[in-house]
Amino acid sequence: VGDIVDRARGSDAQDVDTILLGSGRIDESVVIKKKQIQLLGVGPGFTLLYGKHKHKPVVAVGKEGSAEISMMTITNGEDGVLVEKGGSAKLRNLILMGLVNGVHLEKEATADLLNLTISDNAKHGVWLEPKDKKGDFTLTGRNNILSFNGGYGLLAPEHGDTVYSFSYSD
């Protein structure tokens, strides 16, 4: 599986690549730099993406990256999914638990969250981090459960001229 997941990191990925992960535990950390990647498991109770490094994101979407991640459980990392400045992610049918933060968005990131369970993380379920005084976020969420996180379910701190755009319903 490692060789397949490595395609998401390198320049050999097509404009849109779909990476299918089967059932079982997959010990990987994934970095999506400049491509559009679909990372699909077979279900949150069947596919477990277990981060290789406890102090790094399990999945990182770079500033020019775009990802659709669905149908798995993500655990064992600093962030379950980190979306860096300017990156975008669609997260569907996931369990994010046993992390520091479930979802971490840097400024100017976009995320669409649907049918997620984000629970039992050391800090926050969803953390919007404005790093400096300017930066906008776009977060859309539907049918999500944020519970039993050590900090906030959703942390969007006031910071200078930061603009938050929320569309959230459960």
Side-chain angles (χ1 to χ4, degrees), residues 1-2 4-9 13-33 35-52 56-62 65-84 87-106 109-128 137-156 165-170:
V1 173
I4 295 170
V5 174
D6 281 341
R7 293 183 63 210
R9 298 183 199 149
Q14 302 299 313
D15 286 341
V16 179
D17 268 357
T18 299
I19 299 170
L20 302 174
L21 304 175
S23 61
R25 176 175 155 163
I26 301 159
D27 293 350
E28 285 290 335
S29 295
V30 180
V31 177
I32 300 167
K33 292 184 178 179
K35 304 292 181 179
Q36 184 175 352
I37 301 291
Q38 292 179 315
L39 189 59
L40 308 174
V42 294
F46 300 98
T47 301
L48 174 65
L49 187 57
Y50 191 88
K52 289 175 75 172
K56 292 186 179 180
V58 180
V59 179
V61 180
S66 174
E68 181 176 335
I69 304 163
S70 63
M71 302 299 291
M72 66 186 75
T73 296
I74 298 175
T75 191
N76 195 51
E78 180 76 19
D79 302 308
V81 178
L82 166 65
V83 183
E84 295 177 355
S88 66
K90 292 181 180 178
L91 309 179
R92 307 276 186 269
N93 302 308
L94 300 173
I95 297 173
L96 296 113
M97 61 185 293
L99 303 151
V100 176
N101 300 295
V103 177
H104 178 180
L105 304 180
E106 292 181 350
T110 299
D112 187 9
L113 315 179
L114 176 65
N115 296 329
L116 306 184
T117 299
I118 305 174
S119 67
D120 300 299
N121 297 300
K123 287 190 179 176
H124 313 299
V126 178
W127 178 28
L128 308 180
F137 295 89
T138 303
L139 177 66
T140 302
R142 292 174 308 284
N143 302 321
N144 298 298
I145 298 170
L146 288 81
S147 64
F148 300 107
N149 294 293
Y152 294 95
L154 172 63
L155 176 62
S165 174
F166 294 108
S167 171
Y168 210 87
S169 64
D170 283 321

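Atom set for the values below is all heavy atoms of this structure, side chains included, hydrogens, waters and symmetry mates excluded.
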Q. Do I74 and I69 come close enough that some side-chain heavy atom pair is under 4.5 Å?
A. yes
Q. Do side-chain atoms of D120 reach the backbone of G98 as a donor and acceptor pair under 3.5 angstrom?
A. no
Q) Does some side-chain heavy atom of L94 sit less than 4.5 Å from a side-chain heavy atom of M72? A) yes
Q. Going by heavy atoms in the side chains, are V103 and L139 under 4.5 Å from each other?
A. no
**Q.** Sidechain-backbone polar pair: S29 side chain, K52 backbone, donor-acceptor under 3.5 Å
**A.** yes
Q: For I32 and A67, work out which heavy atoms get closest and say how close.
A: CD1-CB, 3.7 Å
(Q) Is the shortest side-chain heavy-atom distance between D112 and R142 below 4.5 Å? (A) yes
(Q) Which residue is it: T75, T73, V59? I am looking for the one with a side-chain contact (heavy atoms from CB on, under 4.5 Å) to L49. (A) V59
Q.
Just so I know, are the side chains of T110 and V83 near enough to count as touching, which here means a heavy-atom distance under 4.5 Å?
A. no
Q: Applying side-chain contact (heavy atoms from CB on, under 4.5 Å), name anything that partners L99, two or more places apart in sequence or on another chain.
A: V58, L96, N121
Q) To the nearest 0.5 Å, how far apart are CG in L91 and OG1 in T140? A) 11.5 Å
Q | Pair Q36-S66, side-chain donor/acceptor within less than 3.5 Å | A | no
Q | Under 3.5 Å donor-acceptor, T47 side chain and G22 backbone | A | yes
Q | Any D17 side-chain heavy atom under 4.5 Å of K35 side chain | A | no
Q. What distance separates L116 CG from N143 CG, expressed to the nearest 0.5 Å?
A. 10.0 Å
(Q) Rounded at 0.5 Å granularity, tell me how far CD1 in I26 sits from OH in Y50. (A) 14.0 Å
Q. Which heavy-atom pair separates G153 from L146 by the least distance, and what is that distance?
A. O-CD2, 2.8 Å
Q.
Working to the nearest 0.5 angstrom, can you tell me the gap between M71 CE and L20 CG?
A. 12.0 Å
Q.
Within this structure, what is the CD1-OG1 distance for the pair I145 and T117, rounded to the nearest 0.5 Å?
A. 4.0 Å
Q) What distance do L40 atom CG and I19 atom CD1 have between them, rounded to the nearest 0.5 Å? A) 9.0 Å
**Q.** side-chain contact (heavy atoms from CB on, under 4.5 Å) partners for E84, two or more places apart
**A.** L82, E106
**Q.** 4.5 Å side-chain heavy-atom contact, H124 and N101
**A.** yes
